[in-house]
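Before any comments, here is the structure.
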Amino acid sequence: MGWLTQRQGDTQRAKAIYEAMLELSRRLGDRTNIATALNSLGTLAVAEGDNERARTLSEEALTLARDLGAGRTGFIPETLVNLGLAAREQGYHERADACFEEALVVSQQAGTKPSVINTLEGMAGLAGAVKEDIRAARLWAAAEAAREVIGVALPPPERALHEPHLAAARSRLGETTWDEGLAEGRAMSLEVPAEYVLSEEADHSEATIAQDLSTRDEPMGNLTQREGEVMVLVARGLTNRQISRELGISERTAGNHIAKILK
């Protein structure tokens, strides 16, 4: 995101350029440049706090990018980060988590370190928003350390997106515990925090499912509303990963729902 979010005047000029690019590309039917312009405009909308517009633009960009293939449109992780940030700021934390998780996996597979770092920063802010405060400190520090290694600073407008959530986490933890979390995060290699995030999400999903099953009032022969939604998607032939994207849940959660349906 950083190269698009410098000064306000630059942002307005960039917006005008990409809006013109989008209009021309639509007229020409150039889907690659349509996706590129949509992604860039989505990034600018996130920076400006226009989260609903960011979501609309980024969802269209992501659909096009997937149709075109990652080889031709390598900005899929950044589009997912934009969607995650917009959802986070709108309070849709589960949706934000799903976007960040997918962005992290895709970034790791592609070996794009800047995208991994952007994703970890988004996840750190999300952790602060949901009061997972020590996790916020670790992820933020890991991303900061990685930025120092690659020599790319976080632009102030992007820092401003995350700072309120980090400040809240720091306040709840206290300076001593916050600093301990930062030290732990800085000691991680870039691969370690990504594995840490994904393993924590898997553990959380399992715990949530176990709690749901133990507290459910309905007879075991009945399906919950979410299990009914999953069953419909299974009948349509969707894979676990596609179901997780459709419903905004983790892939493991989708798999557990399917296991329950089969029982």
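Nearest approach of Asn82 to Ser58, heavy atoms of both residues: CB-OG, 3.6 Å. Looking at every heavy atom in both residues, Ala61 comes nearest to Asn39 through CB-N, 3.8 Å. Between Pro164 and Ala160, the closest heavy-atom pair is CD-O, 3.2 Å. Between Ala54 and Ala86, the closest heavy-atom pair is CB-CB, 4.2 Å. Phe100 approaches Gly84 most closely through the heavy-atom pair CZ-C, 3.4 Å. Residues Ala129 and His165 share a closest heavy-atom pair of CB-ND1, 3.7 Å.
The closest side-chain heavy-atom distance from Leu85 to Asn51 is not below 4.5 Å. With a 4.5 Å cut-off on side-chain heavy atoms, Val105 and Glu102 do not count as touching. Side chains of Arg88 and Leu161 form a contact here, defined as non-hydrogen atoms less than 4.5 Å apart. Trp178 has its side chain within reach of Leu166: a pair of non-hydrogen atoms, C-beta onward, lies under 4.5 Å apart. At least one side-chain heavy atom of Thr56 sits under 4.5 Å from a side-chain heavy atom of Glu52.
Side-chain contact, Glu78 with Asn118: a donor N or O sits under 3.5 Å from an acceptor N or O.
Under the 4.5 Å side-chain contact rule for hydrophobic residues, Tyr92 and Val130 do not share a cluster.
We find the CZ-CG distance between Arg31 and Asp67 to be 5.0 Å, quoted to the nearest 0.5 Å. Leu139 contributes atom CG, which lies 6.0 Å from atom CG of Leu120 (distance to the nearest 0.5 angstrom). Taking NZ from Lys113 and CD1 from Ile150, the interatomic distance works out to 8.0 Å, rounded to the nearest 0.5 Å. From Gln109, atom CD reaches atom CG of Leu104 across 10.0 Å, with rounding to the nearest 0.5 Å. One distance of note links CG of Leu22 with NZ of Lys15; it measures 13.0 Å at 0.5 Å rounding.
Considering Leu41, Thr36, Asp30, Ile34 in turn, Thr36 is the only one that fulfils the side-chain contact (heavy atoms from CB on, under 4.5 Å) rule with Met21. Among Thr63, Thr79, Leu57, Leu62, the one residue that satisfies the side-chain contact (heavy atoms from CB on, under 4.5 Å) test with Leu38 is Leu57.
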- Determine, step by step, whether His93 and Leu126 satisfy the side-chain contact (heavy atoms from CB on, under 4.5 Å) criterion, reporting the C-alpha distance in whole Å, the side-chain angles of both residues, the deciding distance to 0.1 Å, and the verdict. CA-CA 7 Å; His93 296 149; Leu126 178 61; 3.8 Å; yes
- Message: Working note: Glu132 + Met123, criterion side-chain contact (heavy atoms from CB on, under 4.5 Å); need CA distance, chi angles, decisive distance, verdict.
- Response: CA-CA 10 Å; Glu132 295 178 358; Met123 286 179 152; over 6 Å; no
- Could you please spell out the steps behind the salt bridge (Lys or Arg N to Asp or Glu O under 4.0 Å) verdict for Glu89 and Arg55? CA-CA 11 Å; Glu89 297 310 300; Arg55 182 189 65 78; over 6 Å; no
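Classification of Arg53 and Glu48 as a salt-bridged pair fails, no side-chain N sitting under 4.0 Å from a carboxylate O. In this structure, Arg95 does not pair ionically with Glu59, as no charged nitrogen and carboxylate oxygen lie closer than 4.0 Å. Of the charged side-chain nitrogens involved, at least one lies within less than 4.0 Å of a carboxylate oxygen, so that Glu163 and Arg170 count as a salt-bridged pair. Using a 4.0 Å cut-off between charged nitrogen and carboxylate oxygen, Arg159 and Glu144 count as a salt-bridge pair.
Judged purely by atom type and a 3.5 angstrom limit, Arg172 uses its side chain to pair as donor or acceptor with the backbone of Gly128. Distance alone, capped at 3.5 Å, is enough to place a donor-acceptor pair between the Thr119 side chain and the Ser115 backbone. Here the side chain of Arg147 pairs a donor or acceptor atom with the backbone of Val152 at under 3.5 angstrom.
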